[in-house]
A.B. asks: 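Please find one structure pasted underneath; my questions will follow.
First listed ligand is number 1; within each ligand, the first listed atom is number 1. Positions are given from 1, in the same order as the sequence printed here.
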Amino acid sequence: MASIRISQMARPTIRTAAWRRSYRYTVPAGGSRSYSIPAGSSKKVQIVEVGPRDGLQNEKGAIIPVGTRIELIDRLVRAGMTVVEAGSFVSPKWVPQMAGTAEVLENIAWKRGVRYPVLVPNLRGLEDLRELFVVHPEEPSLTDEVAVFVGATDAFSRANVNCGVEEALARTAQVVEGARGMGLRVRGYVSVVVQCPYEGAVAPARVREVAKELVQMGCYEVSLGETVGRGRPHEIRALIEEVTRDVKVEMLAGHFHDTYGMGVANVLEALACGVRTVDAAVGGLGGCPYSPGATGNVATEDVVYALQGSGYDVGVIDLDALAEIGSWISAQLGRETESRVGRALQARARRGKL
Ligand SMILES: CC(C)(COP(=O)([O-])OP(=O)([O-])OC[C@H]1O[C@@H](n2cnc3c(N)ncnc32)[C@H](O)[C@@H]1OP(=O)([O-])[O-])[C@@H](O)C(=O)NCCC(=O)NCCSC(=O)C[C@@](C)(O)CC(=O)[O-]
């Protein structure tokens with residue numbers, strides 16, 4: 001059995017040929033591990049801000065008023081976020097936190113160049129979105145993108161959308177077709193890609209099959225949702241290696257929850273595997289209503305802090321503004337921000353330190 005001793009002078013380990021082909025770390029002999037971005041690989045990283053949707057949908061403490069959700073989105077855009085998931089067209093009986101998403105889209109300070117995807121689970125949700133375009137024919141800018149989602153296990157899928165994976169895929173295919181027919185781009189999520197709260201460990205091959213189906217339906221990207229937040233970097237690598245047998249790495253995104261504190265490590269591992277889009281939520285908002293115990297998404301502040309100055313390019317993002325937004329929205333929920341970086345920056349700001 002392989003054993004790992006953690007010391008300051010880590011030795012290089014022998015890897016398989018597959019690992020060597022795809023590796024992104026360099027471990028200098030007798031030195032410490034460092035990251036490098038391989039020559040020719042894109043340095044641009046797209047962060048998809050999911051706080052206003054995935055974050056707030058699971059906040060049980062308070063249902064955030066529509067006006068505050070609009071302010072949250074506008075502030076995130078002013079801080080430099082260029083993709084902000086704005087809400088979802090789901091049943092308000094199932095997810096009351098997302099009621100009023102149409103009003104959110106109608107009232108955000110829409111900015112050219114920013115994308116505001118909305119989650120749509122079924123044709124009923126898509127009809128609601130279509131209706132909004134009919135009411136606002138002059139506003140093609142409401143949104144140009146929807147997100148669809150399918151769990152990798154039957155039990156999670158039933159808890160989330162009231163049907164098993166096969167039926168969820170069939171329903172989703174209808175949504176994708178309808179949305180593309182409306183001229184919208186479609187992003188797919190696969191949930192519970194490492195662990196399922198009901199079925200336990202999830203086989204990467206199962207995730208690959210669902211991801212492949214989403215791509216075949218017409219999704220331009222598939223976000224791998226580590227819904228439970230128990231996954232570790234080596235599991236993320238194994239997952240990506242498996243999924244990329246069928247789906248190009250350029251079409252994948254990483255979506256990590258921070259339940260076990262692995263969020264940033266998993267982001268770095270996904271980037272090291274060649275993924276260039278990651279989801280995050282300001283203040284570490286959220287979780288998943290159908291994943292008991294799962295805490296929030298990896299905090300946007302933590303991801304931005306980890307990547308700024310690293311050689312990766314996350315665009316122009318005002319980290320102090322993000323920290324403020326994370327504290328502000330958390331206060332609306334009656335608690336402190338979950339972002340470690342956010343708390344540290346806010347503490348420094350209070351002490352007047354640069
Ligand atoms: C999918 C349904 C709607 C099916 O729910 P259902 O009960 O099977 O559907 P139904 O067709 O029988 O309809 C039941 C009632 O809901 C209404 N309804 C039906 N659809 C809609 C709609 N779109 N909008 C508004 N209302 C709707 C429908 O009109 C009816 O109303 P009633 O006749 O009882 O008054 C339901 O299960 C649902 O909304 N579930 C919520 C799913 C959800 O939002 N989950 C969280 C998102 S996934 C996630 O967060 C994970 C992810 C993506 O972030 C990544 C990760 O894994 O970390």
A.B. asks: Once you restrict to heavy atoms under 4.0 Å, what part of E226 touches ligand 1? Side chain, backbone, both or neither.
C.D. replies: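 It is neither; nothing of E226 touches ligand 1.
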A.B. asks: Spell out, as yes or no, whether a donor-acceptor pair under 3.5 Å connects the side chain of S223 to the backbone of G225.
C.D. replies: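 It does not hold such a pair.
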A.B. asks: Of all the atoms in ligand 1, which lie at a distance below 4.0 Å from a heavy atom belonging to N162?
C.D. replies: 6 (P), 7 (O), 8 (O)
A.B. asks: Taking the minimum heavy-atom distance to atom 34 (O) of ligand 1, which of Q57, K93, R187 ranks first?
C.D. replies: K93
A.B. asks: With only distance considered, is V90 within less than 3.5 Å of ligand 1 through an N or O on each side?
C.D. replies: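 V90 vs ligand 1: N/O contact under 3.5 Å present.
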A.B. asks: Indicate whether the side chain of Q46 and that of T82 have a donor and an acceptor atom separated by less than 3.5 Å.
C.D. replies: yes
A.B. asks: Could you name the option among S91, P121, S223 that has the heavy atom nearest to atom 39 (O) of ligand 1?
C.D. replies: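 Selected option, by shortest heavy-atom distance: S91.
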A.B. asks: Please list, chain by chain and in numerical order, all residues satisfying side-chain contact (heavy atoms from CB on, under 4.5 Å) with R245, sequence neighbours excluded.
C.D. replies: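 Here the qualifying residues are R208, E242.
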A.B. asks: Between F89 and ligand 1, does any nitrogen or oxygen pair lie at a separation below 3.5 Å?
C.D. replies: yes
A.B. asks: Please list, in number order, the atoms of ligand 1 under 4.0 Å from a heavy atom of L119.
C.D. replies: 47 (C)
A.B. asks: With a cut-off of 4.0 Å, which atoms of ligand 1 are near a heavy atom of H257?
C.D. replies: 58 (O)
A.B. asks: Ligand 1 versus N58, non-hydrogen atoms closer than 4.0 Å: side chain, backbone, both, neither?
C.D. replies: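 N58 to ligand 1: no contact under 4.0 Å from either part.
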A.B. asks: Any N/O of S88 closer than 3.5 Å to an N/O of ligand 1?
C.D. replies: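 No: no nitrogen or oxygen of S88 is under 3.5 Å from one in ligand 1.
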A.B. asks: Is the shortest side-chain N to carboxylate O distance from E127 to R130 below 4.0 Å?
C.D. replies: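 The answer is yes: the pair qualifies as a salt bridge.
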A.B. asks: Is there a heavy atom of M98 sitting under 4.0 angstrom from any atom of ligand 1?
C.D. replies: no
A.B. asks: Checking side-chain polar atoms at under 3.5 Å, does E106 have a donor or acceptor matched by the opposite partner on H136?
C.D. replies: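 The criterion, which ignores hydrogens and geometry beyond distance, is satisfied for H136 and E106.
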A.B. asks: Judged by modelled atom types alone, do E336 and S330 share a side-chain donor-acceptor pair under 3.5 Å?
C.D. replies: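 No pair is found: no donor N or O on one side chain lies under 3.5 Å from an acceptor on the other.
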A.B. asks: Any chance the side chains of R115 and T143 put a donor and an acceptor closer than 3.5 Å?
C.D. replies: no
A.B. asks: We want to know whether R350 and Q346 form a side-chain donor-acceptor pair, criterion being a heavy-atom distance below 3.5 angstrom.
C.D. replies: no
A.B. asks: Under 3.5 Å, is there a donor on one side chain and an acceptor on the other for Y220 and E145?
C.D. replies: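 Result is yes, a qualifying pair exists.
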A.B. asks: May I ask you to establish whether R158 and F156 are in a cation-pi arrangement, using a distance under 6.0 Å from NZ or CZ to the six-membered ring centre and at most 45° from the ring axis?
C.D. replies: no
A.B. asks: For residues 70-80, please give each side-chain donor-acceptor pair under 3.5 Å, one per line with the distance, not counting sequence neighbours.
C.D. replies:
from: D74; atom 1: OD1; to: A109; atom 2: N; distance (Å): 3.0
from: D74; atom 1: OD2; to: A109; atom 2: N; distance (Å): 3.4

A.B. asks: Could you work out, for atom 4 (C) of ligand 1, the closest of R171, R124, E127 by heavy-atom distance?
C.D. replies: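 Of the listed residues, R171 has the closest heavy atom.
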A.B. asks: Any idea which atoms of ligand 1 are less than 4.0 Å away from a heavy-atom of Y189?
C.D. replies: 53 (C), 55 (C)
A.B. asks: Should the proximity of N122 to ligand 1, defined as any heavy atom under 4.0 Å, be assigned to the side chain, the backbone, both, or neither?
C.D. replies: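 It is the side chain that touches ligand 1; the backbone stays farther off.
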A.B. asks: Out of L129, V161, D54, N160, who gets a non-hydrogen atom closest to atom 41 (C) of ligand 1?
C.D. replies: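 The option holding the nearest heavy atom is N160.
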A.B. asks: Report yes if some N/O of S191 lies less than 3.5 Å from some N/O of ligand 1; otherwise report no.
C.D. replies: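 Yes, there is a polar N/O contact under 3.5 Å.
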A.B. asks: Measure the distances from the heavy atoms of P92 to every atom of ligand 1 and state whether one is below 4.0 angstrom.
C.D. replies: yes
A.B. asks: Given Q97, E85, H255, which has its nearest heavy atom closest to atom 55 (C) of ligand 1?
C.D. replies: H255
A.B. asks: If we check side chain to side chain contact (heavy atoms under 4.5 Å, CB included) with S191, which of these qualifies: T227, V150, V228?
C.D. replies: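 Single pass found, and it is T227.
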A.B. asks: Of all the atoms in ligand 1, which lie at a distance below 4.0 Å from a heavy atom belonging to G125?
C.D. replies: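 Listed by number with element, the hits are 23 (N).
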A.B. asks: Below a 4.0 angstrom heavy-atom separation, can you tell me which part of V95, side chain or backbone, both or neither, approaches ligand 1?
C.D. replies: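 For V95, only side-chain atoms sit under 4.0 Å from ligand 1.
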A.B. asks: Only heavy atoms of R53, strictly under 4.0 Å: list the atoms of ligand 1 that pass.
C.D. replies: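 Those of ligand 1 that fall under 4.0 Å from R53 are 47 (C), 49 (C), 50 (O), 52 (C), 53 (C), 54 (O).
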A.B. asks: Would a 4.5 Å heavy-atom cut-off, applied to side chains only, mark K248 and V215 as touching?
C.D. replies: no
